[in-house]
Amino acid sequence: NNFSQAADDRGVDVPTVDGVVIGAGFSGIYMVHKFRELGLTVQGFEAGDGVGGTWFWNRYPGARCDVISMEYAYTFAPELIDEWTWTERYPSQPEILRYLNFAADRLGVTPDFQFNTRVVSAWFDDSAAQWVTTTDSGAVTRSKYLITAVGCLSTSLTPDFPGLADFAGDVVHTADWPAAGVDFTGKRVGVIGTGSSGVQVIPLLAQQAEHLTVFQRTPAFSLACGNRALTDEEVRNFKDTIDEHKAKSMASGTGQYTDTLEVSALEHSPQQRESVYQERWDRHRAIDLIASYPDLFSNREANETIAEFFRSKIREAVADPELAEKLSPRTYPLGAKRITLDTDYFQTYNRDNVDLISLREQPLETFTDKGLRVGGTEVELDAVVLATGFDAITGPLLNMDIRGVGGTKLKDKWADGPTTYLGIAVDEFPNMFMITGPGSPNVLTNVICAIEQHVEWTADFIAALERRGATRVEPSAADAAKWTSDAVALADDTLYPEGESWYTGVNVPGKPRVIMSYVGGLDVYRQACDEVAADDYRGFVVA
Ligand code: N01
């Protein structure tokens with residue numbers, strides 16, 4: 001195509017490698033390691049100035065994972081298990097970032113990444129069957145394979161708020177938090193957003209700011225995370241049973257195994273349900289609650305029983321009943337938007353220096369130079385924290401100019417929603433593999449399990465292609481279309497489509513409304529991938 005030809009015509013000495021990997025988070029680190037293990041050359045690119053991916057950028061106070069630390073870690077390399085010890089049950093962002101630095105260094109892959117380098121485009125050069133990747137410095141790299149390891153939540157979203165540019169105070173987004181931190185001491189701070197990021201940052205801002213105003217559009221179902229230090233015994237037990245843990249995780253629907261009861265929630269009496277939910281609430285692990293009964297995600301009436309249990313916890317925590325009601329989600333099923341995990345979130349509203357403004361009652365009109373005008377009232381602020389989330393899953397992919405055969409733009413191809421085969425590959429985009437792409441279980445799992453499965457499956461496929469001397473591979477359009485429509489049909493049988501959230505893309509104006517994750521479960525998905533591989537990579541056209 002013209003672009004890649006032009007680069008070569010300029011006489012630029014274009015480096016050529018077997019694989020380009022975009023991103024140095026959990027996916028990119030492991031994928032680069034796999035290329036090296038296969039004896040192939042690889043170049044990684046990363047926009048940040050170090051490894052970490054989402055854990056590099058999301059440095060806001062209180063940032064913490066919603067999966068238990070020992071389960072949120074690589075399982076493929078014994079040295080990474082033996083030589084690392086988590087300190088807390090739910091790991092903080094700094095600890096996860098330290099872990100990823102340790103892992104990349106221990107695997108020896110850090111030098112394979114070029115940091116402070118954002119990929120702006122990747123075009124497929126049909127005649128050479130190569131990807132031509134261009135970075136923000138204008139540098140070009142050619143590769144046989146292109147791996148997008150860009151994460152699902154890496155493109156932050158700042159809504160187009162009227163007047164935002166006029167606001168004289170500081171504005172900071174939770175997902176682009178300055179590494180040096182931000183001091184809110186003595187300031188009147190506003191937070192917009194009460195999703196996972198907002199729920200985590202709000203209690204800590206309340207402790208620091210002179211006054212905190214929370215602007216809530218939709219209340220969250222939140223679970224108290226009960227974080228604590230891990231005991232030596234817990235750590236030892238986990239390391240001793242890591243193989244069993246991995247097998248059970250991969251055989252589960254979400255990458256997090258739990259004990260699901262074999263009766264409908266509606267077959268239990270209210271008292272039985274209460275004791276089931278309470279016992280699981282005390283485990284402080286979301287999956288234990290949301291998978292307590294098998295029908296919580298398929299039956300709205302069953303879902304309402306656990307939704308009401310979560311609301312009762314808000315009423316226990318918040319002293320003012322009216323405020324508790326404002327904080328109680330009523331408009332969507334529990335789980336259709338992601339359940340948040342918190343430390344003292346609801347209790348924070350009992351503080352004298354914290355106010356809640358419901359944007360449903362007082363709509364956000366505009367920023368002014370002094371603050372925010374809501375429902376006709378101006379709230380004066382010195383700083384605003386945007387906890388407004390991400391252009392998820394497809395955002396990081398479509399932020400780059402990716403073009404396949406004949407210059408086909410991924411953006412155009414996905415104008416009505418992403419189509420993929422297995423969530424891994426796209427027809428007309430040969431030799432491109434996506435880790436945790438749309439149409440795979442990605443964010444509906446403990447994403448580390450999804451990543452390990454994807455990277456291992458992709459590396460096995462690349463090894464098979466190399467063995468047979470293949471030059472290009474892409475899924476057939478028919479197989480991609482079928483995978484995509486089957487995945488959408490599966491989602492339509494659940495309560496997921498009822499949530500207005502980044503799961504379905506509705507948080508981004510103009511984005512097609514479609515669930516971008518495979519809801520059939522990691523176990524079923526993994527089996528489908530394995531069957532495709534066993535059947536000589538059925539659905540792929542290899543040349
Ligand atoms: O983003 P979100 P997030 N006007 O999209 C509000 C992961 N994560 O960064 O719900 C006013 O969930 C929006 O309101 P509404 C985790 O997977 C994990 O919090 O759209 N408000 C919502 O309240 C999570 O799900 C961890 O009505 C606006 C909030 O902003 C995902 O990242 C920690 C608005 C956005 O919530 C995203 O979480 C952090 C507008 N125009 C993140 N636009 C853990 O591991 C948006 N909002 C624990």
Side-chain angles (χ1 to χ4, degrees), residues 53-55 57-69 71-72 89-93 95-96 151-164 173-177 190-204 214-225 227 254 284-286 327 329-332 335-343 345 356-367 372 374 384-393 395-396 436 442-448 450 499-509 511 516-517:
T54 200
W55 299 105
W57 300 104
N58 284 267
R59 295 168 188 244
Y60 61 86
R64 200 175 282 290
C65 186
D66 56 4
V67 175
I68 288 172
S69 56
E71 299 178 15
Y72 195 77
R89 189 158 187 260
Y90 284 105
S92 67
Q93 173 271 331
E95 188 166 22
I96 302 172
C152 294
L153 296 159
S154 51
T155 299
S156 65
L157 181 71
T158 296
D160 192 10
F161 291 119
L164 183 57
H173 195 294
T174 47
D176 297 308
W177 202 264
V191 179
I192 304 179
T194 52
S196 297
S197 305
V199 157
Q200 288 188 332
V201 79
I202 284 165
L204 290 156
V214 177
F215 297 91
Q216 168 191 275
R217 192 164 65 181
T218 311
F221 286 109
S222 197
L223 169 64
C225 80
N227 191 37
T254 61
H284 300 292
R285 188 168 171 263
L327 287 160
R330 298 248 172 224
T331 55
Y332 60 98
K337 285 163 92 84
R338 197 175 182 91
I339 292 170
T340 67
L341 205 70
D342 77 273
T343 302
Y345 171 63
L356 177 73
I357 291 186
S358 164
L359 297 175
R360 304 276 181 207
E361 293 166 9
Q362 291 175 264
L364 195 161
E365 289 163 13
T366 183
F367 273 83
L372 259 179
V374 290
V384 169
V385 171
L386 299 177
T388 44
F390 301 86
D391 181 356
I393 305 178
T436 64
N442 52 44
V443 295
L444 300 184
T445 63
N446 168 2
V447 80
I448 310 306
E500 304 273 320
S501 83
W502 60 269
Y503 278 169
T504 50
V506 292
N507 63 327
V508 181
K511 193 165 171 171
M516 293 175 287
S517 305

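We count ligands from 1, going down the list as the structure has it; atoms in each ligand are counted the same way. All figures in this text were calculated on a predicted structure; none of them were measured in a lab. Computed from heavy atoms alone, side chains included, the values below leave out hydrogens, waters and symmetry copies.
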Report the member of Ser222, Pro159, Ala387, Cys152 with the shortest heavy-atom distance to atom 29 (C) of ligand 1. Ala387
Just to be sure I'm reading this right: ignoring hydrogens, which of Ser156, Pro509, Pro363, Ser197 gets closest to atom 19 (O) of ligand 1? Compare them by their nearest heavy atoms. Ser197
Using atom types as modelled and distance alone, determine if a side-chain donor or acceptor of Arg338 lies under 3.5 Å from a backbone N or O of Val443. yes
Does an N or O from Lys337, backbone or side chain, lie closer than 3.5 Å to an N or O of ligand 1? yes
Quick one: look up the protein heavy atom nearest atom 32 (O) of ligand 1 and list residue, atom name and how far away it is. Leu153 CD1, 3.3 Å
Donor-acceptor contact present, side-chain Thr388 to main-chain Gly193, <3.5 Å: no
Atom 37 (C) of ligand 1 has as its nearest protein heavy atom Trp502 NE1, 3.6 Å
Measure the distance from atom 1 (O) of ligand 1 to every protein heavy atom, then report the residue, atom name and distance (to 0.1 Å) of the closest one. Gly389 CA, 3.1 Å
Counting only N and O atoms by type, is there a donor-acceptor contact under 3.5 Å from the side chain of Asp66 to the main-chain atoms of Thr340? no
Atom 23 (O) of ligand 1: which protein heavy atom is closest, and how many Å away? Thr194 N, 2.9 Å
Which atoms of ligand 1 have any heavy atom of Arg338 under 4.0 Å away? 16 (C), 17 (O), 24 (C), 25 (O)
Which residue owns the protein heavy atom closest to atom 6 (C) of ligand 1, what's the atom, and how far is it? Gly193 CA, 3.7 Å
Shortest reach to atom 42 (C) of ligand 1 by a heavy atom, considering only Ala286, Pro219, Ser196: Ser196
Non-hydrogen atoms of Asn442 and Val447 that approach each other most closely: O-CG2, 3.9 Å
Taking atom 36 (O) of ligand 1 as the reference point, the nearest protein heavy atom with its distance: Gly195 CA, 3.6 Å
Of all the non-hydrogen atoms in the protein, which one sits nearest to atom 33 (C) of ligand 1, and at what distance? Tyr60 OH, 3.2 Å
My understanding is that we take every heavy atom of each candidate and find the minimum distance to atom 14 (O) of ligand 1. Doing that for His173, Gln216, Arg217, which one comes out nearest? Arg217
Is the side chain of Gln216 donor-acceptor paired with the backbone N or O of Ser358 at a distance under 3.5 Å, no angle test? no
When rounded to the nearest 0.5 Å, the distance separating CG of Leu359 from CG of Leu372 is 8.5 Å
How about Arg217 and Thr194: does a side-chain donor come under 3.5 Å of a side-chain acceptor? no
Could you check whether any heavy atom of Phe161 sits closer than 4.0 Å to an atom of ligand 1, since that is the contact criterion I want to use? yes
Quick one: does Ile192 get within less than 4.0 Å of ligand 1, heavy atoms only? yes
side-chain contact (heavy atoms from CB on, under 4.5 Å) between Gln93 and Gln200, intermediate numbers included: CA-CA 12 Å; Gln93 173 271 331; Gln200 288 188 332; over 6 Å; no
What atoms of ligand 1 come within less than 4.0 Å of a heavy atom belonging to Phe390? 9 (O), 32 (O), 37 (C)
Would you say Ser69's side chain and Arg89's backbone share a donor-acceptor pair under 3.5 angstrom? yes
Any donor-acceptor pair under 3.5 Å linking the side chain of Asn446 with the backbone of Glu71? yes
Short N/O distance, under 3.5 Å, between Asn507 and ligand 1? no
Which residue and non-hydrogen atom of the protein lie closest to atom 27 (O) of ligand 1, and at what distance in Å? Thr218 OG1, 2.5 Å
Which ligand 1 atoms does Leu359 reach within 4.0 Å, using its non-hydrogen atoms? 11 (C)
Min N/O separation Glu500 to ligand 1 under 3.5 Å: no
Closest non-hydrogen atom pair between Trp502 and Ala392, with its separation: CE3-CB, 3.3 Å
Ignoring hydrogens and geometry, is there a side-chain-to-backbone donor-acceptor pair from Asn227 to Tyr90 under 3.5 Å? yes
